[in-house]
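Worksheet: the structure to be examined is printed underneath.
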Amino acid sequence: MTRRTDWAEFTDSVAPRPRGNGGDGRAVGGGDGEGDDLRGGAGAYEEDAPRDDRARGGRGRGRRRGFGEPADGAQDSGSASSPRAKEGESSGDPAERARAICLRLLTGTPRTRKQLADALRKREIPEEVADEVLSRFEDVGLIDDGAFADAWVESRHHGRGLARRALARELRTKGVDSALIDEAVGQLDSEQEEATARELVARKLRATRGLDRDKRLRRLAGMLARKGYPEGMALRVVRQALEEEGEDTEGLEGGGF
């Protein structure tokens, strides 16, 4: 018989974790290497994209800028990235300043309306001016939270293997409307999630060889829990993977272990 453990042991670690200075909250934890890109390379919208050597001709280990991060290392409160933008930000007209700030932050990466509104608030742009500028940007398609959510789900599921629950949580922290979140995560179904969970387990299975069955089970199931997979699916996928390796999985049926 194996020890029964509450699924909360794993799901407690699903909460977003800070990643260094000034980055977005990280939804998946490290420690077991589960952050590897499933496609073998970082997607254009990866928040936690791996370091990129190619930018330096194969030398150095500079981190690739992620989805929703400032271009060229600029922070929301930093200087503008071009003389024209800098001139706009230094303008006495709040609307002109707001437009310049938003254009700079949107250069190279999409952002949600909330992310831009937060940046304008930090720069002390009056709320009514900010609302007017942001609405205008939405009208012309420079802000599109629905497209942002769709791209986020596509990238973070296929690139990092996150399940619908973890993806929805990340989008909520970025201020995306609940209806848009539901529509975006609706791109994924249970079959897609399970196929991705199997791929994740297959990638990590070899690293657990030599451990006893309970440790392997906890490590693999914990990895899936951190990525937002439901208990039943995680246990089923891990159990089947262990069975294929000849492990005795008697007693692993049911809602716990």
Side-chain angles (χ1 to χ4, degrees), residues 5-20 23-50 64 66-69 109-112 114-115 145-204 217-238 241 255-256:
T5 304
D6 194 340
W7 187 244
E9 176 182 339
F10 301 125
T11 55
D12 284 347
S13 60
V14 174
R17 302 178 179 179
R19 50 180 294 270
D24 287 331
R26 182 172 173 177
V28 294
D32 54 10
E34 73 271 17
D36 295 340
D37 194 311
L38 293 179
R39 296 167 300 187
Y45 297 110
E46 289 304 322
E47 182 181 62
D48 300 312
R64 180 179 298 177
F67 190 30
E69 295 178 351
T109 182
R111 296 184 189 251
T112 66
K114 180 181 182 299
Q115 287 175 312
D145 283 3
F148 180 101
D150 289 343
W152 188 267
V153 168
E154 173 72 14
S155 174
R156 299 286 282 171
H157 177 74
H158 295 291
R160 297 294 183 181
L162 299 190
R164 287 174 290 186
R165 183 174 61 183
L167 292 166
R169 183 183 57 251
E170 288 188 339
L171 289 170
R172 282 194 298 270
T173 66
K174 297 182 183 302
V176 178
D177 182 77
S178 296
L180 295 178
I181 292 175
D182 291 343
E183 184 176 348
V185 299
Q187 299 174 38
L188 305 176
D189 56 28
S190 296
E191 291 183 0
Q192 288 174 297
E193 277 193 326
E194 185 160 338
T196 302
R198 291 184 188 283
E199 185 177 353
L200 288 166
V201 169
R203 289 171 62 89
K204 302 302 175 185
L217 188 64
R218 288 194 296 271
R219 184 167 296 184
L220 294 169
M223 178 266 293
L224 292 180
R226 286 190 292 275
K227 291 179 179 290
Y229 289 89
E231 175 188 8
M233 178 186 295
L235 292 176
R236 181 172 65 253
V237 168
V238 173

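Residues satisfying the side chain to side chain contact (heavy atoms under 4.5 Å, CB included) test with Asp182, not counting sequence neighbours, are none. Taking the salt bridge (charged side-chain N to carboxylate O under 4.0 Å, His left out) definition, one finds that Glu194 meets it with Arg198, Arg236, sequence neighbours left out. Every residue was checked against the side-chain hydrogen bond (donor to acceptor under 3.5 Å, both in side chains) condition with Arg172, not counting sequence neighbours, and none meets it.
Considering CG of Leu235 and CG of Leu217, their distance stands at 6.5 Å, rounded to 0.5 Å. Here Lys114 contributes atom NZ and Thr173 contributes atom OG1; the two are 8.0 Å apart, rounded to the nearest 0.5 Å. To the nearest 0.5 Å, the span separating CZ on Phe148 from CD on Gln115 amounts to 5.0 Å. A distance of 8.0 Å separates CD in Glu193 from CG in Leu167, rounded to the nearest 0.5 Å.
Side-chain N or O atoms of Thr112 include one that pairs as donor or acceptor with a backbone N or O of Lys174 at under 3.5 Å.
The two residues Glu170 and Trp152 make their nearest non-hydrogen contact at OE1-NE1, 2.7 Å. Across all non-hydrogen atoms, the minimal contact from Tyr229 to Gly161 is OH-O, 2.7 Å.
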Kindly list each side-chain donor-acceptor pair under 3.5 angstrom involving residues 185-192, sequence neighbours excluded, with atom names and distances?
from: Gln187; atom 1: NE2; to: Asp150; atom 2: OD1; distance (Å): 2.9
from: Gln187; atom 1: NE2; to: Ala184; atom 2: O; distance (Å): 3.3
from: Asp189; atom 1: OD1; to: Glu191; atom 2: N; distance (Å): 3.2
from: Asp189; atom 1: OD1; to: Gln192; atom 2: N; distance (Å): 2.8
from: Ser190; atom 1: OG; to: Arg164; atom 2: NH2; distance (Å): 3.2
from: Gln192; atom 1: OE1; to: Asp189; atom 2: N; distance (Å): 3.0

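The one candidate from Val153, Asp145, Leu180 that meets the side-chain contact (heavy atoms from CB on, under 4.5 Å) condition with Leu171 is Val153.
Considering only heavy atoms from C-beta on, Val201 comes within 4.5 Å of Leu224 through its side chain.
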task = Check the pair Leu162 / His157 against side-chain contact (heavy atoms from CB on, under 4.5 Å), numbers first and verdict last.
result = CA-CA 5 Å; Leu162 299 190; His157 177 74; 5.6 Å; no
